[in-house]
Structures are given as C-alpha cells and as structure tokens.
Trainee: 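Handing you this structure, nothing more for now.
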Number of protein chains: 4
Amino acid sequence: MSRGNTRQRIQDVALELFAERGYEKTSLREIAEQLGVTKAALYYHFKTKEDLVTSLFEDLVLGPADEVIDWARQHRPTTLETKLEILSRYSACISHATPMVRFMHENQAALRELSIGDEMKRRIFTLLELIKDEDAALVDQVRCTSALFTMHSALFTLDSSGAAPEEKRKAALEVAQELVSAAHHGE
Amino acid sequence: MSRGNTRQRIQDVALELFAERGYEKTSLREIAEQLGVTKAALYYHFKTKEDLVTSLFEDLVLGPADEVIDWARQHRPTTLETKLEILSRYSACISHATPMVRFMHENQAALRELSIGDEMKRRIFTLLELIKDEDAALVDQVRCTSALFTMHSALFTLDSSGAAPEEKRKAALEVAQELVSAAHHGE
Amino acid sequence: MSRGNTRQRIQDVALELFAERGYEKTSLREIAEQLGVTKAALYYHFKTKEDLVTSLFEDLVLGPADEVIDWARQHRPTTLETKLEILSRYSACISHATPMVRFMHENQAALRELSIGDEMKRRIFTLLELIKDEDAALVDQVRCTSALFTMHSALFTLDSSGAAPEEKRKAALEVAQELVSAAHHGE
Amino acid sequence: MSRGNTRQRIQDVALELFAERGYEKTSLREIAEQLGVTKAALYYHFKTKEDLVTSLFEDLVLGPADEVIDWARQHRPTTLETKLEILSRYSACISHATPMVRFMHENQAALRELSIGDEMKRRIFTLLELIKDEDAALVDQVRCTSALFTMHSALFTLDSSGAAPEEKRKAALEVAQELVSAAHHGE
DNA sequence: CATGAATGAGCATTCATTCAT
DNA sequence: TATGAATGAATGCTCATTCAT
C-alpha cells in the first residue's frame with residue numbers, strides 16, 4: 001500500500017488523538033487501530049510512546065521556536081520594535097501548528113513528566129526573557145507572560161465567535177503586542 | 001488517630017497529587033499510600049475516582065464561582081465598574097484555591113472527559129459573557145478571555161520572580177482589569 | 001475458597017514451574033492459570049516477578065545456608081572435622097529444597113540478572129572459603145568447588161539409578177567429604 | 001566489507017551473548033545490532049533462533065564429543081587406563097569451547113526446551129556410561145557424574161584464583177581422574 | 001470505618017518471524 | 001546477500017473497582 005509515508009501518518013494520527021483525548025488517555029492501540037496497522041508497527045518507527053510525542057515537538061514547534069529565538073538574539077539590544085517583531089514571528093510560526101499548541105497547552109501536567117516538556121518550557125522561558133525587561137516590575141512581567149499565553153490560547157479558543165483562524169491569530173497578536181508595549185513603557 | 005476528618009485528608013492529598021503529577025498519572029494507590037490507608041478506604045468516602053475529583057471542584061471553585069456569577073447577575077446592566085468588581089471578586093475567590101486552579105489549568109485534556117469539566121467550563125464561559133459585550137469585536141473578545149486566563153495562570157507561574165502570592169494576584173488583577181477596560185472602551 | 005494460604009500456593013506453583021520450564025520461560029500468566037486466579041492476584045501478593053522468585057530463595061535456601069555459615073563461624077579454627085560437619089549440615093539443609101536447588105543450578109544465566117543471584121552466589125562463595133584452606137593449591141580448590149557442586153547436583157540427577165532421594169544425598173555427601181578430606185591433607 | 005564469513009560472525013556474537021546474558025534473555029535484535037546488520041539478515045543465514053543455537057552446538061561440541069565417544073567404543077573392554085584417556089581426550093576437546101560449555105552449563109533449563117538439548121544430554125549420558133561400571137554402587141555413580149561436571153565447571157569458575165585456563169583444566173582433569181579411579185577400585 | 005483479597009480490562013513494550021524488494 | 005516494513009502473540013505490570021468481613 002502506502003510506502004515511506006507511514007511514519008508521517010503515524011505522527012498525524014497521534015497528534016490528532018493526543019490533542020483530542022489527551023496524552024495519557026491516548027493509547028498506542030488506538031493510534032494503531034485508527035491507522036489500520038498493528039501496535040508493533042508503531043514500534044518499528046518510534047522507539048517508545050515518549051519518542052513519538054518527542055518527534056512531534058521537534059518537527060512542529062521546537063525548530064520554529066528556535067528560529068525566532070535565534071533571530072531575536074541577532075537583534076540586540078532588544079528595542080520595542082524588535083519585541084513586537086518577535087511576537088509577530090512567533091505568532092506566525094505557531095499558527096502552522098495549532099493542534100500541537102493546543103496539545104501543549106492542555107497537557108502541561110502530562111508533559112511535565114516528559115523530557116521534551118522541559119525542552120519546550122525552556123523555549124517559552126527564553127522568549128519571555130527576550131520580551132520583558134530584566135528588572136521589569138511584577139505587573140509588567142504578568143503582561144509579558146500573558147502576551148505569550150494569549151497567542152497560544154487564541155489558536156484554539158473562541159470557537160463560538162465563528163471567526164476564521166487567521167483572524168483570531170491577528171487579534172491575539174494585536175493584544176499581545178499591546179501588552180508588551182505597555183510593559184515596555186513601564187520602564 | 002484522626003477521626004471523622006478522613007474525607008478531608010483524602011481530598012487534601014488527592015489535590016496535592018493531582019496538581020503535582022496530573023490527574024491520569026495519579027493513581028488511587030498512590031493517594032492511599034501517602035495517607036497510610038487502603039485503596040478500599042477511599043471507596044468508602046468516594047464512589048469513584050471521578051467522584052473524588054468532582055468533590056474537589058465543588059468544594060473549592062464551583063461554589064465560589066457561582067457566588068460571583070450570582071452577584072454579577074444582580075447588578076445589571078453590567079457597567080465597567082461592575083465588570084471590574086467581578087474580576088476583583090473572582091480573583092479573591094480563586095486565590096484560596098491555588099492548587100485547584102493550577103490543576104484545572106494544566107489538566108484540561110483530562111478534564112474534558114470528566115463531567116465536572118463541562119460544569120467548570122460553563123462557569124468560565126458565563127463569567128466571560130458577563131465581562132465582554134455581546135457584540136464585542138474579536139480583539140475585545142480576546143482581551144476578555146485573556147483577562148480571565150491571566151488571573152488563573154498568575155497564581156502558579158512567575159515562580160522565578162520571587163514575588164509573594166498576594167502580590168502576584170494583585171498584579172494579575174490589575175492587568176486583567178486593564179484588558180477588560182480596554183475592551184469596554186472599544187464599544 | 002482457600003484463605004490465607006494463597007501466597008504459599010503461589011510460591012509452590014511458581015517454584016514447580018520455574019524448576020520445570022525455567023525462570024524466563026515461565027510466565028506469570030501460566031502460574032496464575034495453574035492456580036485458577038488472575039495475574040493481578042499474583043501482584044497483590046508479590047510486587048514483581050523478581051519479588052516472587054526472591055521470596056522463594058529467602059524462604060528456602062538463604063536462611064538455612066546462613067545458619068550453616070553462622071555455625072561454621074563459631075567453630076574456628078576450621079579443623080577437618082568442622083569442615084566435614086559443615087558439609088553434613090549443608091547437605092541436610094538443602095535436601096529440603098530439592099526443586100529450589102535444581103532451579104538454582106539450571107538457571108544460573110537467568111539468575112545472574114536477578115539481585116538475589118548475587119546474594120546466593122555470596123553464600124556459596126562463603127561456604128567455599130570455609131571449606132578450603134586460604135592458600136590451597138589449585139587442585140585442592142577444584143576439589144572443594146567440586147564437593148559443593150556434587151552435593152547440589154546429586155539432588156536432581158541420577159534419576160536413572162532408581163535410588164531414593166535420601167540415599168543419593170548420603171552418597172553425594174560421602175563423595176563431597178572425601179574430596180574435602182583430600183584437599184585438607186594436601187596442606 | 002567482510003564477505004562470506006557473516007555466518008561465522010553471527011555465530012561468534014551469538015555465542016558471546018548467549019553465554020553472557022543467557023539464551024532467553026538474548027534477543028535476535030541484540031545480536032543483529034552488535035553485528036551492525038538487520039534482524040532479517042540473521043534469517044538469511046539461520047532459519048530460526050533455535051537453528052542458530054543448534055549450529056553452535058554442532059560445530060563446537062557435538063562433533064568433538066562424538067569423536068571421543070567413537071574412540072572409546074573402539075577400545076573395549078574399558079579398562080581404567082581407557083577411562084582416564086577418555087577423560088583426558090574429553091577435557092582437551094571441550095577446552096577449545098569454553099564459552100559454549102559455560103553456556104550449556106548455565107542454561108540447562110532453557111536447553112531442555114530445545115531439541116539440541118536432548119542431543120547433548122545423550123552425549124553426556126553416553127560418556128558417563130563409558131566411564132562408570134554398569135553395576136556401580138550409587139556412590140561410584142556420583143563420583144563419575146561429579147568427574148564430568150568438575151571438568152565442565154572448572155573451565156569457567158575459579159576466576160578468583162587467578163590461574164591460567166590451561167592450569168585450571170589440568171587441575172580439573174586430575175580431580176576427575178581421581179574420582180573415576182576411586183570408582184573403578186570400588187568394584 | 002476500614003481492610004484483605006481479588007478481578008477484568010487495559011497498557012507499553014518486546015519478540016521471533018515473514019516477505020516483498 | 002541483505003533490508004525495510006510489518007505482524008501476531010506474548011510479557012510484565014498497573015489501574016479502577018468490588019465485596020465479604
């Protein structure tokens with residue numbers, strides 16, 4: 001049948017199920033069944049369940065996030081314009097990985113036990129450091145943290161608004177930029 | 001030993017573990033072991049694992065949230081001042097339940113399978129409806145959603161800031177009020 | 001049905017199967033099936049498969065062997081008579097645990113991965129030290145090692161001879177004592 | 001790379017692992033990995049796992065043992081001198097196959113399920129028949145059995161003595177001959 | 001109020017093996 | 001000669017739950 005793309009198909013189905021039912025609740029049996037293959041086939045492509053989820057992170061968010069971080073590091077000192085551009089770039093990069101972001105957001109407890117969880121946390125933390133000033137007042141730290149969370153959560157909430165994904169993304173970016181601007185003025 | 005308060009002790013330990021390790025990863029065996037009782041003892045006090053987690057929600061957040069909602073419903077039409085007071089009251093009520101809020105926030109995927117999850121979602125949605133205007137622009141909807149999330153997440157993030165819980169809560173409330181004010185002006 | 005003795009029954013069946021089919025080849029399913037209980041029932045009584053085999057060693061050979069070792073340590077310096085008495089006592093103590101000894105002997109590769117294997121090895125080594133002289137010639141070391149092995153293996157070999165277990169044990173003890181005597185004279 | 005000798009290399013690695021970790025615990029995956037080939041490659045050279053282990057026996061011990069047996073059958077009636085020569089020849093022939101002997105000795109339970117196990121057992125039994133007198137007393141049967149075991153086990157025990165393999169082999173042979181001599185006199 | 005003993009269903013993982021290429 | 005991809009069956013183990021005592 002299909003050749004060579006099995007690995008990809010596993011990742012697709014896995015992400016869908018992980019996002020829908022949660023990491024712990026999703027068994028490899030379910031993934032295999034939905035794909036029409038055996039559990040053992042999954043193990044041919046991924047060493048463990050953790051390995052599978054790790055590959056999803058690496059392919060979908062870790063790389064892109066690193067690019068944003070790299071770009072930011074090459075544009076120091078970090079002016080307000082730079083900060084806004086960071087938000088803009090980050091927004092763009094996560095918009096291609098909506099299910100992943102949702103999964104990340106809604107399974108933080110589960111991810112804490114996975115080594116990839118730390119890895120991702122580190123990225124978020126680094127972005128936060130770039131966006132907020134070192135000695136920012138507490139309220140400004142809250143603003144910056146909130147800016148990041150807002151961009152994440154807007155991707156998969158506001159379903160009732162009936163807005164298109166791209167519109168939601170832009171609205172979230174706007175709010176995030178407002179928050180960071182306010183934090184910047186606060187110095 | 002201790003008499004009569006076993007139910008309470010189970011809830012305490014359960015919440016602690018649920019918040020720390022996640023709902024799915026926390027087994028009744030662990031809870032029982034940490035309490036020094038048998039698994040069967042838990043079943044004397046709670047019919048199921050879901051029953052246990054439900055009781056936590058009811059005792060710690062559902063009731064308080066309902067009070068805020070009731071108060072809000074008695075103060076219509078909802079002026080900006082009312083909205084800010086809603087935020088203030090909600091902030092106060094969740095501040096007594098930090099681990100619960102963290103648990104809620106980090107286990108959304110797991111909670112989705114639990115009936116209590118819907119219940120909680122309904123409260124959040126109702127609060128959101130009270131805070132945002134019916135025909136608010138998308139960006140204002142984002143602002144209001146973000147306001148609520150900010151208050152939640154500030155309770156258990158910003159650990160590195162070294163700030164006291166109460167300070168963090170106030171800072172989050174301030175940011176939330178700003179966001180809602182901006183959304184209100186937007187009309 | 002039967003109460004309180006389930007643990008014992010598990011041990012009995014487990015030892016029988018371990019000795020017959022080998023440690024690795026014997027699955028907990030088989031043990032459970034033969035007992036008419038669920039696999040999970042085994043786990044109520046023993047934490048792991050290793051735990052189960054460990055309990056067998058502790059109950060059947062470790063304790064008895066330690067008694068012989070203790071007795072030997074209280075009878076120093078170790079004269080030839082003492083050595084012969086050690087053999088005699090050891091022979092008596094293992095004769096109550098024939099299947100265990102066979103299991104031990106025929107599953108050394110498997111036991112090497114189990115922590116109880118080391119424990120047992122230590123006992124054998126200690127007995128050997130007590131039986132052979134410190135600076136014994138190589139050939140005498142072989143004699144002493146052989147004496148121990150002979151007592152072990154005679155318990156479950158020589159099936160074709162049609163001899164009664166007790167006769168075999170005595171014959172093995174005799175040969176073992178001869179070997180140790182020869183080693184002793186060798187000084 | 002290497003050509004034509006892959007079969008040999010598989011055997012080498014397999015024996016090493018079988019001896020070290022045991023037959024059951026050694027998976028074909030491990031063998032393949034250590035060789036840097038695929039599991040499927042093993043199946044090109046050996047029909048099954050049992051086939052692989054069988055080939056090891058045939059190449060390393062079955063043939064040599066048969067030679068000893070053949071020689072013995074041509075020197076009847078079996079005088080004491082003949083018996084001692086049998087031991088000597090057998091000792092020499094197994095000394096080239098130390099890991100195999102160790103494997104055989106420590107995996108008896110596992111081998112019992114393999115048809116090659118019977119085959120080997122038959123050789124040992126035949127040797128025993130040649131070495132002991134038909135109507136030997138029980139104690140003499142023990143002596144002869146022990147003689148054989150001693151030669152086997154001396155190959156891989158007595159590690160702490162620091163003796164060279166060849167010395168150990170000679171010492172074991174000496175003890176074995178003593179035992180058989182004693183059994184012979186016993187008539 | 002609580003335990004001891006057990007179950008049934010499930011899980012992640014591993015294994016020997018197969019087969020088209 | 002070998003590999004890439006897969007399977008079916010099994011394994012050790014854990015979990016939420018039950019129930020007689």
Side-chain angles (χ1 to χ4, degrees), chain A residues 1-7 10 24-32 35-52, chain B residues 1-7 10 24-32 35-52, chain C residues 1-7 10 24-32 35-52, chain D residues 1-7 10 24-32 35-52:
Chain A
M1 304 241 172
S2 50
R3 286 186 15 267
N5 62 338
T6 302
R7 194 190 141 97
I10 294 172
E24 313 271 13
K25 268 273 181 179
T26 304
S27 73
L28 295 185
R29 179 184 50 75
E30 276 174 296
I31 297 175
L35 275 165
V37 298
T38 333
K39 266 184 294 167
L42 305 189
Y43 279 92
Y44 178 77
H45 294 281
F46 301 94
K47 244 171 33 210
T48 61
K49 189 185 183 186
E50 175 159 359
D51 212 54
L52 170 51
Chain B
M1 304 252 173
S2 52
R3 290 183 14 266
N5 61 338
T6 301
R7 194 190 141 94
I10 293 173
E24 313 273 13
K25 268 270 180 180
T26 303
S27 71
L28 295 184
R29 180 180 51 72
E30 275 175 295
I31 297 175
L35 275 165
V37 300
T38 335
K39 267 183 295 173
L42 305 188
Y43 279 89
Y44 179 80
H45 294 280
F46 300 94
K47 237 173 36 207
T48 64
K49 189 185 182 185
E50 177 160 359
D51 213 53
L52 170 51
Chain C
M1 305 241 174
S2 52
R3 284 187 15 266
N5 61 338
T6 300
R7 194 191 141 98
I10 293 172
E24 315 271 14
K25 267 272 179 180
T26 304
S27 73
L28 295 186
R29 180 183 50 75
E30 275 175 295
I31 299 174
L35 275 165
V37 299
T38 332
K39 266 184 296 168
L42 305 189
Y43 279 92
Y44 177 77
H45 294 281
F46 301 94
K47 241 174 27 208
T48 61
K49 189 185 183 186
E50 176 160 0
D51 211 53
L52 170 51
Chain D
M1 305 247 172
S2 52
R3 290 184 14 266
N5 61 339
T6 301
R7 195 190 141 96
I10 294 172
E24 313 273 13
K25 268 270 180 180
T26 303
S27 71
L28 295 185
R29 179 179 51 72
E30 275 175 295
I31 297 174
L35 275 165
V37 300
T38 334
K39 268 183 295 172
L42 305 188
Y43 279 89
Y44 179 79
H45 294 281
F46 301 94
K47 236 172 40 205
T48 63
K49 188 186 183 186
E50 176 160 359
D51 213 52
L52 170 52

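So that the names make sense, note that chain A is the first sequence line, chain B the second, and so on, each numbered from 1.
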Trainee: Hey, can you pull the residues of residues 24-31 of chain B with a non-hydrogen atom under 4.0 angstrom from DNA chain E?
Mentor: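 Those residues: none at all.
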
Trainee: For Thr26(C) versus Lys49(C), what's the shortest heavy-atom pair and its separation?
Mentor: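 In this case the closest contact between Thr26(C) and Lys49(C) is O-NZ, 3.0 Å.
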
Trainee: Residues in side chain to side chain contact (heavy atoms under 4.5 Å, CB included) with Phe46(C), at least two apart?
Mentor: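 Result, side chain to side chain contact (heavy atoms under 4.5 Å, CB included) vs Phe46(C): Arg7(C), Ile10(C), Gln11(C), Asp51(C), Leu52(C), Ser55(C).
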
Trainee: Whether Thr6(A) contacts dA5(F) is assessed here as follows: a side-chain N or O lying under 4.0 Å from the phosphate OP1 or OP2. Is that the case?
Mentor: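 No, outside the criterion.
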
Trainee: What stems show up for DNA chain E when you take Watson-Crick pairs (N1-N3 plus N6-O4 or O6-N4) and G-U wobbles (N1-O2, O6-N3), both under 3.5 Å, and require three or more consecutive pairs?
Mentor: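 Ordered by first number, the stems with DNA chain E (at least 3 consecutive pairs each) read E:2-21 with F:2-21.
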
Trainee: To the nearest Å, how far apart are Lys49(C) NZ and dA10(F) C1'?
Mentor: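 Rounded to the whole Å, the gap is 12 Å.
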
Trainee: Counting side-chain heavy atoms from CB outward, which of dT13(E), dA16(E), dA6(F) is closest to Thr48(A)?
Mentor: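 Comparing dT13(E), dA16(E), dA6(F) against the side chain of Thr48(A), the answer is dT13(E).
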
Trainee: Is there a donor-acceptor pair under 3.5 Å between the side chain of Thr48(B) and the backbone N or O of Glu50(B)?
Mentor: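 Checking the backbone N and O of Glu50(B) against the side chain of Thr48(B), a donor-acceptor pair under 3.5 Å is found.
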
Trainee: List the residues meeting side chain to side chain contact (heavy atoms under 4.5 Å, CB included) with Ala32(B), not counting sequence neighbours, and say none if there are none.
Mentor: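 Only Val37(B), Lys39(B), Leu42(B) meet the side chain to side chain contact (heavy atoms under 4.5 Å, CB included) criterion with Ala32(B).
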
Trainee: For Glu30(D), what residues pass the salt bridge (charged side-chain N to carboxylate O under 4.0 Å, His left out) criterion, not counting sequence neighbours?
Mentor: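 Applying salt bridge (charged side-chain N to carboxylate O under 4.0 Å, His left out) to Glu30(D) gives Arg21(D).
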
Trainee: Taking dC1(E) as the reference, what is the distance to dT21(F) when you measure between their P atoms (whole Å, please)?
Mentor: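 Between the two P atoms, the distance is 22 Å.
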
Trainee: How many Å lie between CG on Asn5(D) and C1' on dT1(F), as a whole number?
Mentor: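 In whole Å, dT1(F) C1' lies 13 Å from Asn5(D) CG.
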
Trainee: Which of residues 38-47 of chain D have a heavy atom under 4.0 Å from DNA chain F?
Mentor: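 Correct list: Thr38(D), Lys39(D), Ala40(D), Ala41(D), Tyr44(D), His45(D).
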
